[in-house]
Protein chains: 2
Amino acid sequence: MAQSVTVDKILDAAEILFAEKGFSETSLRMITSNAGVNLAAVNYHFGSKNALIQAIFSRFLGPLTTLMEQGMAEKGWSQKDENAPLLEDILKLYTRSLLKIPTSHPNGVSVFMRLMGLAYTQSQGHLRRYLEDEYSRIFRLLMHFVKQSTPNLSTAERFWRIQFTMGSVAFTMSSIQPLTEILEDSKKAQANPEQVVNFLVPYLLAGLTSEPVDAVAIN
Amino acid sequence: MAQSVTVDKILDAAEILFAEKGFSETSLRMITSNAGVNLAAVNYHFGSKNALIQAIFSRFLGPLTTLMEQGMAEKGWSQKDENAPLLEDILKLYTRSLLKIPTSHPNGVSVFMRLMGLAYTQSQGHLRRYLEDEYSRIFRLLMHFVKQSTPNLSTAERFWRIQFTMGSVAFTMSSIQPLTEILEDSKKAQANPEQVVNFLVPYLLAGLTSEPVDAVAIN
DNA sequence: GAGTGTTTTAAACATACGTTTGGAAGCTTT
DNA sequence: AAAGCTTCCAAACGTATGTTTAAAACACTC
């Protein structure tokens with residue numbers, strides 16, 4: 001199980017293919033032939049296709065959560081603390097952490113951004129369970145801060161605004177732009193991740209902090 | 001090819017299953033057994049699984065585009081017109097049209113909202129081609145109005161803001177909430193489509209109309 | 001009610017998939 | 001260099017999939 005060359009070749013190839021085509025639409029034969037390894041290698045090294053999918057997610061979700069926890073610690077955020085962080089800082093913590101990963105990562109940011117989006121939309125039961133088991137703690141913590149920093153929102157409106165926000169993020173991450181090729185400007189708007197995040201954060205912030213529709217909650 | 005009972009039973013069952021599990025994850029055997037028809041019925045009536053998928057999309061995309069074109073006509077919007085419609089009205093036209101469909105539709109709004117989301121995220125080549133062929137006209141028209149009504153945005157920033165917006169919409173429509181079950185409040189926030197749209201439109205509007213990051217473009 | 005076209009049915013077909021197998025090849029340790 | 005472990009490989013396995021077939025059942029016209 002030690003970091004073999006084959007394991008990495010499989011991970012690199014699978015990551016790209018999954019991001020391009022989705023999980024069910026990508027076969028082990030495509031992956032192994034792209035990776036230049038034997039078909040049986042996946043089952044030998046990972047056990048199953050599902051386990052491979054999970055391995056791919058932990059390869060970047062591990063570093064991501066580490067970076068975010070470090071960031072929270074540096075800023076002195078704590079669950080106990082009464083003072084809420086600024087919403088803008090929460091968003092920035094997330095996006096900055098995301099942008100920090102790829103230096104060590106073979107396939108660039110956009111690939112696992114797209115994977116992140118797939119994790120939401122492809123309903124793969126095993127993946128959902130795995131992600132909940134492994135990463136729900138940091139997710140809940142983040143949500144705690146969001147809740148703290150938006151006290152003027154009703155529970156329902158906050159829930160939906162978070163939903164909308166995650167939608168933007170997840171979708172933006174699908175840089176493959178399935179339908180949106182129709183937009184004539186899609187070629188002009190080059191997909192430099194940092195630039196995109198520059199646009200994204202203010203956009204989200206405006207939506208999240210806009211005047212509530214609901215009656216203000218006591219919370 | 002006339003509207004047979006079998007055809008409708010297949011469409012109704014397939015719609016729900018596709019929305020729940022995705023296209024590749026739903027087999028013709030699931031569909032036909034849920035619909036209570038013979039396995040061969042799909043190929044007999046539709047020709048192929050892909051054709052069935054397309055048929056499902058035209059069943060609600062047809063009415064949707066009709067409603068939107070009617071709405072545009074009523075408001076007197078025209079491609080030639082110099083006066084841009086309000087961004088808010090564009091969004092409302094879309095969401096209101098969406099909410100108007102289900103009266104005639106067997107499976108409620110949220111099902112084809114979810115399908116709409118799938119259309120973006122599942123990259124099914126044939127679907128993309130089909131949607132582009134059939135519905136790119138109305139889509140481009142809509143984008144024309146959006147461009148008109150946001151003259152202060154640079155091409156790049158407008159592109160990305162539209163991208164973010166479509167992400168929110170597509171994702172919101174996936175009401176199955178894969179990962180978001182983690183949000184404790186997900187049960188409290190009942191998914192009444194009209195209420196969701198009430199939250200959604202102002203949220204999107206705030207993001208779209210917020211102060212540009214880019215230098216203002218001449219356009 | 002015989003004849004004609006349409007729809008339904010059970011069965012089979014071909015193919016692609018994830019997984020397993022048993023032996024060969026490659027290392028490392030002795 | 002033999003032994004023991006790990007990794008690789010070609011082949012096969014079982015299963016599930018979309019699709020096709022040919023006959024049966026049905027519906028309707030004349």
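Labels below follow one simple rule: chain letters A, B, ... track the order of the sequence lines, proteins then strands, and each chain is numbered from 1.
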*Asks:* Could you tell me how far apart B/Glu25 (CD) and D/dT17 (C1') are, to the nearest whole angstrom?
*Replies:* 13 Å
*Asks:* What is the distance, to the nearest angstrom, from the CG atom on A/Asp8 to the P atom on D/dC8?
*Replies:* 12 Å
*Asks:* How would you list, by chain and number, every residue that makes a side-chain contact (heavy atoms from CB on, under 4.5 Å) with A/Thr32, sequence neighbours excluded?
*Replies:* A/Val37, A/Leu39, A/Val42
*Asks:* Return the set of residues passing side-chain contact (heavy atoms from CB on, under 4.5 Å) with B/Ser27 (not counting sequence neighbours), or none when no residue passes.
*Replies:* B/Arg29, B/Met30
*Asks:* Measure from CD1 on A/Ile10 to C1' on D/dC8 and round the result to the nearest Å.
*Replies:* 11 Å
*Asks:* If the condition is side-chain contact (heavy atoms from CB on, under 4.5 Å), which residues does A/Arg96 pass it with, not counting sequence neighbours?
*Replies:* A/Lys92
*Asks:* Check nucleotides 19-21 of chain C against the protein and report each pair of N or O atoms closer than 3.5 Å, with its distance, or say if there are none.
*Replies:*
unit_1, atom_1, unit_2, atom_2, d
C/dT19, OP2, A/Asn43, OD1, 3.3
C/dT19, OP2, A/Lys49, N, 2.8
C/dT19, O5', A/Asn43, OD1, 3.4

*Asks:* Which whole-number value in Å describes the distance from B/Phe46 CZ to D/dT20 P?
*Replies:* 16 Å
*Asks:* Is there a side-chain contact between A/Ser4 and the phosphate of D/dT6, meaning an N or O under 4.0 Å from OP1 or OP2?
*Replies:* no
*Asks:* Among side-chain atoms of B/Ser58 and B/Tyr135, is any donor-acceptor pair under 3.5 angstrom?
*Replies:* no
*Asks:* For B/Thr26, report the nucleic acid contact type (base, sugar-phosphate, nothing); a contact means any heavy atom under 4.0 Å.
*Replies:* sugar-phosphate
*Asks:* Side-chain N or O of B/His45 less than 4.0 angstrom from OP1 or OP2 on C/dT6?
*Replies:* no
*Asks:* Under the side chain to side chain donor-acceptor pair (under 3.5 Å) test, which residues partner A/Ser48, sequence neighbours left out?
*Replies:* none
*Asks:* Counting only side-chain nitrogens and oxygens, does A/Ser27 get under 4.0 Å of the OP1 or OP2 atom of C/dC17?
*Replies:* yes
*Asks:* Among pairs that include at least one residue of residues 62-72 of chain B, which meet side chain to side chain donor-acceptor pair (under 3.5 Å), considering only residues two or more places apart or in two chains?
*Replies:* B/Glu69-B/Arg137
